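To start, the structure under review is shown below, and the notes come after it.
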Number of protein chains: 2
Amino acid sequence: MTPPRRDKPVTISDVAQLAGVSVPTVSRVLTGAAKVSEGRRSRVLDAIAELGYRPSAAAQTLASRRSNVIGIVAGNTSRYGYAEAIRGVEESARAAGFLSFIVVVETAEQDDVAAATDAVLRQSPAGVVVLKFDPPGVAALAALQPHIPVVALSGVPESGVPQAVLDESHAAAALTRHLLGLGHRTVHHVRVPPSGKEDGRTSGWRHALNEAGIAVPEIRDVSWDPRSAYEVGVAIAGESDVTAVLCGNDETAMGLIRGLHDAGKRVPDDVSVAGFDDHPLAAMFLPSLTTARQDFAELGRHGMAQLDALLTGAAPLALDTVDPPVLIRESTAAPRDAAPRD
Amino acid sequence: MTPPRRDKPVTISDVAQLAGVSVPTVSRVLTGAAKVSEGRRSRVLDAIAELGYRPSAAAQTLASRRSNVIGIVAGNTSRYGYAEAIRGVEESARAAGFLSFIVVVETAEQDDVAAATDAVLRQSPAGVVVLKFDPPGVAALAALQPHIPVVALSGVPESGVPQAVLDESHAAAALTRHLLGLGHRTVHHVRVPPSGKEDGRTSGWRHALNEAGIAVPEIRDVSWDPRSAYEVGVAIAGESDVTAVLCGNDETAMGLIRGLHDAGKRVPDDVSVAGFDDHPLAAMFLPSLTTARQDFAELGRHGMAQLDALLTGAAPLALDTVDPPVLIRESTAAPRDAAPRD
DNA sequence: GTGAAAGCGCTAACAC
DNA sequence: GTGTTAGCGCTTTCAC
């Protein structure tokens with residue numbers, strides 16, 4: 001066995017020569033584009049193994065005008081939901097024979113979006129999955145769509161784009177109703193950075209309040225950093241009318257609870273707090289978090305399945321919606337001053 | 001402005017024709033390989049803008065035999081340290097003009113490692129950064145090294161590979177000494193899946209115990225799932241000799257604390273627990289976690305810097321080691337039965 | 001089935 | 001400086 005030299009890669013013609021066949025024949029056994037007689041076929045396979053030959057993706061892409069890479073475009077790669085969604089996409093992309101590359105769009109500004117679009121298109125990927133979780137994602141989706149097959153991953157259905165959706169609004173409404181059902185007069189909302197005008201989490205909350213004929217309280221905004229939720233927790237500890245809070249995600253809920261705690265309030269005794277996502281630590285927290293499970297990895301897998309369907313020209317999958325289950329745990333309870341409604 | 005058609009990409013010769021120059025001249029303004037007169041130069045630039053031309057990465061790679069993509073090889077993409085390290089690598093790769101693709105190695109088995117190696121090499125990347133955090137990472141590193149410029153990211157220095165290191169053993173020893181200094185007779189250790197025979201976290205702990213002349217207690221192993229640490233927490237709640245525990249990471253510490261809590265033990269009153277990493281939620285947990293900060297994103301950036309140096313043939317950077325700072329918070333305290341040693 | 005010939009979009013080497 | 005000529009490593013006609 002001769003280990004390949006770092007500076008002289010083995011090419012298809014090396015294989016052809018060793019196997020005693022023509023270059024196109026090697027190509028045929030590689031791609032399966034046409035039948036090759038059993039004898040030649042195995043000689044080619046042997047030569048490939050002996051030389052440790054690996055086809056060059058660049059040459060294949062150039063010659064065939066299709067590639068086996070897909071792009072994952074995201075505003076972020078490491079936050080919980082993002083990382084899980086990326087994992088899901090990559091997993092099923094790999095299972096389908098695709099390699100995934102990552103393009104991060106820092107902001108929704110022209111320059112960043114154009115840079116990301118360029119980076120994606122230059123690779124001539126077979127398709128792209130965009131995490132439409134934030135404004136950069138929304139902008140990148142719009143920029144990419146006219147050029148290449150794209151699937152969006154998101155929390156709210158939208159028409160005109162193949163997509164996989166994790167329907168957040170139902171779960172947010174259910175969580176809000178749960179809190180109201182415990183006897184809270186209203187439910188406040190601490191919002192994480194939204195993807196557009198309003199996310200499903202916020203609209204579900206708003207919907208449930210409207211439905212119950214309750215005035216919609218002012219929204220508090222936080223960044224992704226749990227410390228900003230901590231500050232809000234400290235602040236609302238001083239507001240006696242706040243007895244129930246629905247947070248945009250579990251990290252926010254944990255930060256908020258810690259802030260309330262440090263300001264002398266107990267959860268759920270003084271204030272009920274619900275999170276969103278069912279982060280792996282949500283059940284470990286003290287108190288454990290009432291929340292709605294979001295399976296981001298599954299969302300990613302669905303997205304890749306959509307892309308696959310799109311590429312193979314199969315019947316476009318029906319709108320792919322997953323309804324997140326609600327989990328009632330320790331962080332929510334009846335308020336001090338009221339008995340449950342029913 | 002004519003938006004490019006989805007099916008007929010603009011090529012370099014379209015640009016050349018519109019600008020009234022030869023193809024290589026366009027290439028020259030693109031790559032800056034040779035001087036081009038100001039007049040032609042700007043005509044080319046205009047043509048590029050007008051046509052919305054984007055060079056094909058495949059063609060460039062094939063013709064020039066160098067690519068501007070780098071590979072990130074990892075056993076996992078979404079767990080905290082992994083995701084942060086990947087973020088760091090991608091960030092600085094992008095800043096240096098590289099696109100990052102991701103290859104996941106599920107296990108350290110022959111097949112998976114070979115598949116990952118193939119996937120990487122077929123892309124002919126400029127270089128690769130391997131997350132040497134687990135056995136799959138270690139195996140992939142070994143398989144890749146003879147073929148292509150590789151940098152390893154890890155927790156323990158190792159010779160023979162360009163690498164960036166987050167030196168865990170000092171911090172683990174410091175944490176162990178902190179616990180002993182509080183008066184604990186010994187410190188137990190709950191270990192997360194190690195990359196090889198022993199990780200820096202474990203060896204630092206072992207070292208500090210040896211140094212203090214204390215017998216090394218049996219190690220408890222957990223998976224990455226905090227629920228497995230929860231089980232250990234429940235179990236050790238029944239062992240009265242366990243008063244201090246050093247955990248392999250913060251998620252494990254949180255699971256362990258929750259398990260202790262559910263089994264009736266309080267932290268730090270009954271048992272002191274230290275984590276590792278300074279996860280964003282470590283400071284929010286109740287109790288907040290004593291831990292050692294690991295800046296994985298910075299580790300990733302250092303790794304990419306190493307790779308850059310390697311590629312440009314610059315003097316190889318000195319071994320890149322970061323010493324994680326120790327953070328004393330609420331989850332550790334003196335044991336019930338003893339006063340602090342000093 | 002199989003080889004010869006052509007060409008994918010670009011860069012490199014070479015003259016001028 | 002600039003155009004012409006050759007490929008890069010493959011896949012794709014198209015004969016046979």
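Lettering follows sequence order; numbering is per chain, from 1. These figures come from a predicted structure and were not determined experimentally.
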Who passes side chain to side chain donor-acceptor pair (under 3.5 Å) against A/Asp46, sequence neighbours left out?
-> none

Check against salt bridge (charged side-chain N to carboxylate O under 4.0 Å, His left out), A/Glu84 and A/Arg79 = CA-CA 8 Å; A/Glu84 283 291 301; A/Arg79 279 196 293 268; over 6 Å; no

Which nucleotide span of DNA chain D, 5' end to 3' end, has atoms closer than 4.0 Å to non-hydrogen atoms of chain B?
-> D/dG1 to D/dG9

Watson-Crick and G-U pairing of DNA chain D, under 3.5 Å, as dot-bracket with | and [ ] = ||||.|||||||||||

What side-chain donor-acceptor pairs closer than 3.5 Å can you find for residues 29-38 of chain A, not counting sequence neighbours?
residue : atom : partner : partner atom : Å
A/Thr31 : OG1  : A/Ser27 : O            : 3.0
A/Thr31 : OG1  : A/Ala33 : N            : 3.2

When every non-hydrogen atom of B/Val113 is compared with those of B/Thr107, the smallest separation belongs to CG2-O, 3.9 Å

Base versus backbone protein contacts along nucleotides 4-11 of chain C [heavy-atom cut-off under 4.0 Å; B, S, -] | BB-BBBBB

Check each of B/Leu144, B/Val120, B/Val130 against B/Val103 using the side chain to side chain contact (heavy atoms under 4.5 Å, CB included) test, and report the only one that passes.
-> B/Val120

Consider only side-chain N and O atoms of B/Arg66 and B/Gln60, and report whether a donor and an acceptor are under 3.5 Å apart.
-> no

Hey, are A/Arg301 and A/Glu298 close enough for a salt bridge, meaning a charged N less than 4.0 Å from a carboxylate O?
-> yes

When you look at CD of A/Gln17, are more than 12 heavy atoms from neighbouring residues, nucleotides or ligands closer to it than 6.0 Å?
-> no

Distance-minimising heavy-atom pair for A/Arg43 and A/Gly20 = NH2-O, 3.5 Å

In chain order, what residues pass the side-chain contact (heavy atoms from CB on, under 4.5 Å) check against B/Ala63, with sequence neighbours excluded?
-> none

